Undergrad: 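Let me give you the structure first, and then I'll get to my questions.
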Amino acid sequence: MSLDDLPGLRDVPSVTGAQMAEIDRITIDELGVAVEMLMENASRQIAAAARFVLGGVEGKRIIAIAGTGNNGGDALGAARRLLGWGADARAVLAAPRERVRESARRQLELLARLEVPLAEMTDTGGEVIGETLAEADLLLDGLLGYSTRGAPRGEVAELIRAANRSGVHILAVDLPSGLDPDTGTPLGVAIRAMATVTLALPKTGLLAPGARGLVGELLLADIGIPPVAFGRIGVDTRYLFVDSDLVRILR
């Protein structure tokens, strides 16, 4: 099992961050697909991508590095899935638990009930966190999503630097943290991913030639957004997942 086993697609449409926000709004507010459903689907797809990246996850130490928003929730949910698949799953939070948003907090609570080791950057400190990350087989980057603007700051920036210094392969969730979703340029410090699993559709910046060194292999995952939601902004996605709900984008 490897990334080469995934079906490949060319000429895949892409969306800007603003377009993706509108697609999410249509899906949730108008079509009634709950955020929790999308997050659970995303979590499973991220875990599946990790399995392809590593060639199997049993016994592998995989650490989710999570921010406070939906991307953090996706990464935390993936850690739970991976735990059930035999991985040594762990998590590191960029902020105190009380700052985690409601959509991601449920994932955090589930990990706590399963007694998954969880560290907070503000309690542990960068040096200890860096040593922890270096012991992993794979890092899941769930720090920042497509709606983030401006350069990473504080604990998030410190975690990005620690992840990059670790020398461990990184699987980015949706896009590498610190990458502009529209242009593909770093907004300061940015994750250097071995692979990125982008959700629903690639963000335009992921396909920029200059972004490849940060994006790595680009995978596309179906998370259950109905094609009609994309159709509202003039994008046809009906053919994308005919062969598999997780595909490689060939560039």
Side-chain angles (χ1 to χ4, degrees), residues 3 6-9 12-53 64 66-67 69-82 84-85 101-108 110 140-148 171-177 179 181 193 195-207 215 217-233 235-249:
L3 292 176
L6 289 171
L9 288 179
V12 176
S14 63
V15 289
T16 65
Q19 287 175 316
M20 194 66 227
E22 176 63 6
I23 291 163
D24 280 343
R25 186 198 65 77
I26 292 168
T27 301
I28 296 163
D29 295 342
E30 297 185 19
L31 301 180
V33 181
V35 172
E36 292 79 9
M37 293 172 64
L38 297 175
M39 186 171 290
E40 190 64 20
N41 291 341
S43 296
R44 187 206 173 278
Q45 293 286 38
I46 296 158
R51 188 156 53 187
F52 279 102
V53 166
N70 286 355
N71 265 44
D74 293 341
L76 294 170
R80 172 173 49 83
R81 288 276 188 167
L82 289 163
W85 295 351
R101 296 174 197 164
E102 184 179 356
S103 57
R105 193 174 304 139
R106 178 63 174 162
Q107 301 292 349
L108 190 58
L110 289 171
L140 305 180
D141 163 35
L143 289 168
L144 299 173
Y146 68 78
S147 61
T148 301
L171 176 63
V173 175
D174 203 32
L175 76 167
S177 293
L179 191 76
T196 297
V197 55
T198 195
L199 308 174
L201 270 184
K203 286 64 200 172
T204 304
L206 295 173
L207 302 177
V215 173
E217 289 281 352
L218 184 55
L219 312 181
L220 174 63
D222 178 15
I223 61 168
I225 293 179
V228 67
F230 296 103
R232 297 276 186 90
I233 67 162
V235 177
D236 185 0
T237 62
R238 290 173 296 176
Y239 70 93
L240 290 179
F241 302 112
V242 170
D243 296 321
S244 175
D245 58 2
L246 182 65
V247 299
R248 288 176 66 201
I249 296 179

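Just so it is clear, the structure is predicted and the values come from calculations on it, not from any experiment. We're numbering straight along the sequence, starting at 1.
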Undergrad: Would you say the side chain of Leu3 lies within less than 4.5 Å of the side chain of Leu219, judging by non-hydrogen atoms?
TA: yes

Undergrad: Could you give the distance from CE (Met20) to CD1 (Ile225), rounded to the nearest 0.5 Å?
TA: 3.5 Å

Undergrad: Kindly state each residue pair satisfying salt bridge (Lys or Arg N to Asp or Glu O under 4.0 Å) with at least one member in residues 218-232, sequence neighbours excluded.
TA: Glu30-Arg232

Undergrad: From the options Val35, Val33, Val228, select the one residue that forms a side chain to side chain contact (heavy atoms under 4.5 Å, CB included) with Thr27.
TA: Val33

Undergrad: For the atom pair CD (Gln19) and OH (Tyr146), what is the distance rounded to the nearest 0.5 Å?
TA: 11.5 Å

Undergrad: Do the non-hydrogen side-chain atoms of Thr198 and Asp174 ever get within less than 4.5 Å of each other?
TA: yes

Undergrad: For a quick test of reading the model, state the closest non-hydrogen atom pair linking Arg238 to Pro227 and the distance between them.
TA: CG-CB, 3.8 Å

Undergrad: Would you give the length of the straight line joining atom CG of Leu82 to atom CG of Leu140, rounded to the nearest 0.5 angstrom?
TA: 6.5 Å

Undergrad: With the side chain counted from C-beta on, respond yes when Gln107 and Glu40 share a heavy-atom pair under 4.5 Å apart, and no when they do not.
TA: yes

Undergrad: Would you indicate whether the side-chain heavy atoms of Val53 and Val197 approach each other to under 4.5 Å?
TA: no

Undergrad: How many angstroms lie between atom CG of Leu220 and atom CZ of Phe241, to the nearest 0.5 angstrom?
TA: 4.0 Å

Undergrad: Can you see which heavy atom on Pro176 is nearest to which on Ala193, and at what distance?
TA: CG-CB, 4.4 Å

Undergrad: Closest heavy-atom contact between Phe230 and Ala200?
TA: CZ-CB, 3.8 Å

Undergrad: Considering all heavy atoms of both residues, which atom of Leu31 and which atom of Ala229 are nearest to each other, and what is their separation?
TA: CD1-CB, 4.0 Å

Undergrad: Contact between Leu76 and Ser43 at the side-chain level, heavy atoms closer than 4.5 Å - yes or no?
TA: no

Undergrad: Is the shortest heavy-atom distance from the side chain of Leu240 to the side chain of Val247 under 4.5 Å?
TA: no

Undergrad: Looking at CG of Asn41 and CG of Asp245, how far apart are the two atoms once the value is rounded to the nearest 0.5 Å?
TA: 9.0 Å

Undergrad: How would you list, by chain and number, every residue that makes a salt bridge (Lys or Arg N to Asp or Glu O under 4.0 Å) with Asp74, sequence neighbours excluded?
TA: none

Undergrad: What heavy-atom pair brings Ala75 and Val173 nearest, and what distance separates the two atoms?
TA: CB-CG2, 4.4 Å

Undergrad: Taking it one step at a time, do Arg25 and Glu22 satisfy salt bridge (charged side-chain N to carboxylate O under 4.0 Å, His left out)?
TA: CA-CA 5 Å; Arg25 186 198 65 77; Glu22 176 63 6; 2.9 Å; yes

Undergrad: Considering the options Leu175, Ile249, Thr196, which one meets the side chain to side chain contact (heavy atoms under 4.5 Å, CB included) requirement together with Val215?
TA: Thr196

Undergrad: Within this structure, what is the CD1-CG distance for the pair Ile223 and Leu201, rounded to the nearest 0.5 Å?
TA: 10.0 Å

Undergrad: If you look at every heavy atom in Ser103 and Met39, which pair is closest and at what distance?
TA: O-SD, 3.2 Å

Undergrad: Does Asn71 form a side-chain contact (heavy atoms from CB on, under 4.5 Å) with Leu144? I'd like the steps, not just the answer.
TA: CA-CA 6 Å; Asn71 265 44; Leu144 299 173; over 6 Å; no

Undergrad: Is there a side-chain contact between Leu218 and Leu207 in this structure, where contact means two heavy atoms from C-beta onward sitting under 4.5 Å apart?
TA: yes

